[in-house]
Novice: 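For reference, the structure I am asking about is given below.
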Amino acid sequence: MTSLEIGNSAPEFMLPRDGGGMLSLAELRGKPVVLYFYPKDDTSGCTQEAIEFSGLKPEFEKLGARVIGMSPDPTKKHDKFKTKYDLKVDLVADEEKTILEAYGVWAEKSMYGRKYMGVERTTFLIDSNGKIARIWNKVKVPNHAAEVLEATRALKA
């Protein structure tokens with residue numbers, strides 16, 4: 001689990017993004033950022049999460065917030081994933097897993113008794129000053145995006 005806590009500065013990153021180019025946390029300073037970490041493109045839970053965040057993107061934009069999904073998948077996979085489901089959120093690739101580790105979401109997992117390393121589904125709400133305002137660990141996907149939206153509204157209040 002993450003060792004980051006509410007009030008900590010969010011670890012900076014500059015990573016390749018879907019559609020080409022780079023995306024950095026520093027360039028988003030001054031607006032809230034929803035940074036959600038997910039295991040893998042085009043799997044059922046990750047697809048549902050991306051679709052829910054995409055559906056609420058206009059509401060996040062009204063609050064000035066940017067929604068970014070991050071996984072270890074390469075940008076080519078992100079591009080296919082976005083096209084297939086008409087996703088509206090930004091997707092960044094951390095193939096080296098350095099940012100996943102910095103946020104404490106690259107963790108040992110277990111399935112059917114087998115242990116392996118993977119992304120622990122986690123969401124961070126980062127305020128306009130780059131501080132962590134909220135953390136959701138071991139996210140359950142249904143209605144998660146709506147809960148994050150409410151927390152983002154409260155941040156702006």
Novice: How far apart are the closest heavy atoms of Arg29 and Ser128, and which atoms are they?
Specialist: CD-O, 3.4 Å
Novice: Can you name the nearest heavy-atom pair linking Ala10 to Leu25, along with the distance?
Specialist: CB-CD2, 3.8 Å
Novice: Kindly give the heavy-atom pair with the smallest separation between Asp94 and Leu100, and that separation in Å.
Specialist: OD2-N, 2.8 Å
Novice: Measuring from Ser54:OG to Lys82:NZ, what's the distance to the nearest 0.5 Å?
Specialist: 7.5 Å
Novice: Restricting to side chain to side chain contact (heavy atoms under 4.5 Å, CB included), what partner residues turn up for Ser24, sequence neighbours left out?
Specialist: Met14, Ala26, Glu27
Novice: Would you sort out whether Asp18 and Thr75 count as a side-chain contact (heavy atoms from CB on, under 4.5 Å), showing the intermediate values?
Specialist: CA-CA 5 Å; Asp18 60 88; Thr75 53; 5.8 Å; no
Novice: Between Thr122 and Lys138, do the side chains contain an N or O donor and an N or O acceptor separated by less than 3.5 Å?
Specialist: no
Novice: Can you name the side chain to side chain contact (heavy atoms under 4.5 Å, CB included) partners of Lys76, sequence neighbours left out?
Specialist: none
Novice: So, for Pro32 and Leu155, which heavy atoms are closest and what is the spacing to 0.1 Å?
Specialist: CB-CD2, 4.0 Å
Novice: Tell me if the CD atom of Glu150 is crowded by more than 12 foreign heavy atoms within 6.0 Å.
Specialist: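 Yes, because the 6.0 Å sphere around CD of Glu150 holds more than 12 heavy atoms from other groups.
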Novice: Within a reach of under 6.0 Å around NZ of Lys40, are more than 12 heavy atoms found that belong to other residues, nucleotides or ligands?
Specialist: no
Novice: Give the C-alpha distance, both sets of side-chain angles, the deciding distance and a yes or no for side-chain contact (heavy atoms from CB on, under 4.5 Å) between Lys77 and Ser71.
Specialist: CA-CA 10 Å; Lys77 252 187 116 183; Ser71 84; over 6 Å; no
Novice: Could you pull out the closest heavy-atom pair between Asn8 and Ser3, with the gap in Å?
Specialist: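 Heavy-atom minimum between the residues: OD1-O, 4.2 Å.
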Novice: Do the non-hydrogen side-chain atoms of Leu125 and Ile132 ever get within less than 4.5 Å of each other?
Specialist: no
Novice: Please report the shortest heavy-atom distance between Glu95 and Pro72, naming the atom on each side.
Specialist: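 Nearest heavy atoms, Glu95 then Pro72: CG-O, 3.4 Å.
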Novice: Please table the atom pairs, donor to acceptor, closer than 3.5 Å between any side-chain atom in residues 85-92 and protein atoms at least two apart or in another chain.
Specialist:
residue, atom, partner, partner atom, Å
Tyr85, OH, Asp42, OD1, 2.7
Asp86, OD1, Lys88, NZ, 2.9
Asp86, OD2, Lys88, NZ, 3.2
Asp90, OD1, Arg17, NH1, 3.4
Asp90, OD1, Arg17, NH2, 2.7
Asp90, OD2, Arg66, NE, 2.5
Asp90, OD2, Arg66, NH2, 3.2

Novice: I'd like to check the ring-ring contact (aromatic ring centres under 6.0 Å, His included) partners of Tyr36; sequence neighbours left out, ordered by chain and number.
Specialist: Tyr38, Phe53
Novice: Taking atom types as modelled, find out whether Asp73 and His78 have a side-chain donor-acceptor pair closer than 3.5 angstrom.
Specialist: no
Novice: So do Leu15 and Met70 actually touch side chain to side chain, heavy atoms under 4.5 Å?
Specialist: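 In contact.
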Novice: Classify the ring geometry between Phe37 and Tyr103 as parallel (under 30°), tilted (30 to 60°) or perpendicular (over 60°).
Specialist: tilted
Novice: I'd like to check the side chain to side chain contact (heavy atoms under 4.5 Å, CB included) partners of Lys109; sequence neighbours left out, ordered by chain and number.
Specialist: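 Scan of Lys109 (side chain to side chain contact (heavy atoms under 4.5 Å, CB included), adjacent residues dropped) gives Pro39, Tyr116, Glu120.
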Novice: At what distance, to the nearest 0.5 angstrom, does NZ of Lys31 lie from CG of Leu28?
Specialist: 6.0 Å
Novice: Is the side chain of Asn129 donor-acceptor paired with the backbone N or O of Lys131 at a distance under 3.5 Å, no angle test?
Specialist: no
Novice: Hey, is NZ on Lys97 packed in by over 12 heavy atoms from elsewhere, all under 6.0 Å?
Specialist: yes
Novice: Identify all side-chain donor-acceptor contacts of residues 141-148 below 3.5 Å with residues at least two apart in sequence or on another chain.
Specialist:
residue, atom, partner, partner atom, Å
His144, NE2, Thr123, OG1, 2.7
Glu147, OE2, Trp136, NE1, 2.8

Novice: Nearest 0.5 Å please: distance from the CG atom of Leu56 over to the CD1 atom of Ile51.
Specialist: 12.0 Å
Novice: Let me confirm one number: the CD1-CZ distance from Ile126 to Arg134, rounded to the nearest 0.5 Å.
Specialist: 14.0 Å
